[in-house]
Amino acid sequence: MWDYTEKVKDHFFNPRNAGSLDNASAVGEVGSISCGDALRLMLKVDPETETILDASFQTFGCGSAIASSSALTEIIKGKTLDEALKVSNQDIADFLDGLPPEKMHCSVMGREALQAAVANYRGETWRDDHEEGALVCKCFAIDATLIEDTVRANGLSTVQDVVNFTKAGGGCSSCHEGIEEILAKVMAERGEQFRPAPVAPAKAAPKPGKLNNLERIRRIEQVIESVRPTLQRDHGDLELIDVDGKTVYVSMTGACAGCQMESVTLAGIQQKLVEELNEMIRVVPTRAGDYARACGV
Amino acid sequence: MSPIYLDNNATTRCDPAVVEAMLPYFTEQFGNPSSMHSFGNRVGLAIKKARMQVQALLGAEQDSEIVFTSCGTESDSTAILSALKAQPERRELITTTVEHPAILSLCQHLEKDGYRVHYLAVDGKGRLDLDAYRRLLSERVAIVSAMWANNESGTLFPVEAMAQMAHEAGVMFHTDAVQAVGKVPIDMAANRIDLLSLSGHKLHAPKGIGVLYVRRGTRFRPLLRGGHQERGRRAGTENTASIVGLGVAAELALTHMEHENTVVRELRDRLEAGILARVPHAFATGDTANRLPNTSNIAFEYVEGEAILLLLNKLGIAGSSGSACTSGSLEPSHVMRAMGIPYTAAHGTVRFSLSRSNTAEEIDRVIEAVPPVIAQLRKLSPYWSGDGPVTEPDKAFAPVYA
């Protein structure tokens, strides 16, 4: 069974604002191809100020779809339409203290219903701007369509490229077979043949010998800087706080803070540091308790 | 109130008699059955007994036809890969669209290696077209693999007739009987099935033990090579405690076969009739006149299965669902799709699978518990209004799918 947070369970068992709304001034109806769930969001909007006076939903879907719908209505009530449109699916997930990666699309559906409802209110037609495919990377909830498009657009040819561009495959690595298949397919389209990386790197770059303190800190900074763009793409960030012997303290901010994947992200950074510095390194988030929670302790 | 377990097609509770029989094989009976000394010899004898107990349950002619494996999936893979290896000139397979992933994923993988796989379709009740099947049989086909009973709907396939047809065409026949063994009588001596898979944990034995039945004379190539265990057909030191447990479970299954097909069947029928009488817009899926005695798969229209399970779980009732959201892959049940069940119903299928430990009181509690759960969720559903579905549900609610 899914590992739902208490907040998700609460919003599923006691959904807020469920049912139809009489005289709704805006209605958004969207569904998710990937799981078949569907949602109708109804809003009552003050025509003067465009403030959302009331919101309610009807959902045909699983526990997290119902909880996401409930959370969405709670978040947007009292906001103006423009403010509400700034609500991201990550905000919905955060409101619920996180969703399992496989269920992130439930929060996406909520955000889309909101966009559709606002478009409906303003007399526009909402059109979905992304297509969802089969889930490939379960660690970072990345689907086949996104990987395929990215491989095609950037002419990628290795699994490592895909990890760098999309993050897919950067966690547990069990989806690498699936990524290789996508690479083989897209590369065949452009008349190339996918060649897997050799099992053992031909000649590993010479590992640094003994570094002095300054060199060591610089090297650590370089590694931290190299992962930041990837995190920033997901509206998160990371800051180097301190280095104490073999322990590297970092602070995770934005969407990374409290993200369910925090432990995976940190483990990846730690691995990079170990390889770069050729010594055992421990990466510790400075907000005490967060790491423990991410580990489920 | 004590919880009610109605998910026995997923797994069963180990019978206490099974556990008791197993325990000595973790402690004083720790020997390796291959050893010369008496530590090993006694364990070897216990395995021999277990093999005969499984032989009896399957009605097999020879105890040497029983090969112990680690699970149903291993048995399935061994059977199919053996047939391909033994007949390299045959490059086609026949299976069905509603098989367990243990077969389907393997077949899809084999397609990538250049094999041609024919997937037999099913009708709205999950039944096969045997004429279509007959037309596919040829000397190009290495093996047919069809399940004895479907795990989701419980629908039984006429595997004995299909095996006879395959035999006449000179084609090997395998059946994944993981759901059937222990629930319906099986007599391998009287049919032409060449290979059969079973899994211990579906019949009150532990997880991690399975069997591949290999009819005497069937050309066979092992999946695992190594030691001489299982007459060289499955190398690797025997899982002695679990084999002993499976033997006891097989004997118990044979003893309870009539109970399963009378008492359990009546409880299942009572559950299904009780729910369908109280919940409108719900129906049983599959070939209801020809299915496992313990399985009822009910589609509740306009609501979603995971939501139903979560609410039932809160009431201490355990079932399972074919909805997309309950599977790790987020794919809706391929079995329900193959039967052409509409999306708004397939999404809300719930499988109740009973065992000999369920009681009439439990069934009555479930019959009482289900209707309010469905009603509660329908209140949230955009397809529902008041006491019934909205008129023309497809037009009244037409979301933009993304």
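The structure presented is a predicted model; accordingly, all values stated were derived computationally and were not measured. The sequence lines fix the lettering, A, B, ..., with proteins before strands; numbering per chain opens at 1.
A 4.5 Å side-chain heavy-atom check between B:Lys314 and A:Lys9 finds every atom pair outside the cut-off. Within the 4.5 Å cutoff, the side chain of A:Asp37 has heavy atoms near those of the B:Glu304 side chain. Side chains of B:Leu380 and A:Pro15 form a contact here, defined as non-hydrogen atoms less than 4.5 Å apart.
Under a cut-off of 6.0 angstrom, the local environment of NZ in A:Lys7 is crowded, with over 12 non-hydrogen atoms contributed by other residues, nucleotides or ligands. B:Asp387 CG: 12 or fewer foreign heavy atoms inside a 6.0 Å radius. With a 6.0 Å radius and a threshold of 12 heavy atoms from other residues, nucleotides or ligands, B:Arg13 has its CZ atom at or below the threshold.
For the atom pair CD (A:Gln58) and CZ (B:Phe397), the distance works out to 8.0 Å, reported to the nearest 0.5 Å. Remark: B:Ile308 CD1 to A:Cys62 SG distance equals 12.0 Å, nearest 0.5 Å. Expressed to the nearest 0.5 Å, how far CG of A:Leu39 lies from OG of B:Ser381 amounts to 11.5 Å.
Here the closest heavy-atom approach between residue A:Ile66 and residue B:Ala307 is recorded as CD1-CB, 4.3 Å. Between A:Gly31 and B:Pro399 the shortest heavy-atom distance is N-CB, 3.7 Å.
Taking the six-membered ring where the residue is Trp, the centroids of A:Phe60 and B:Tyr302 are separated by 6.0 Å or more.
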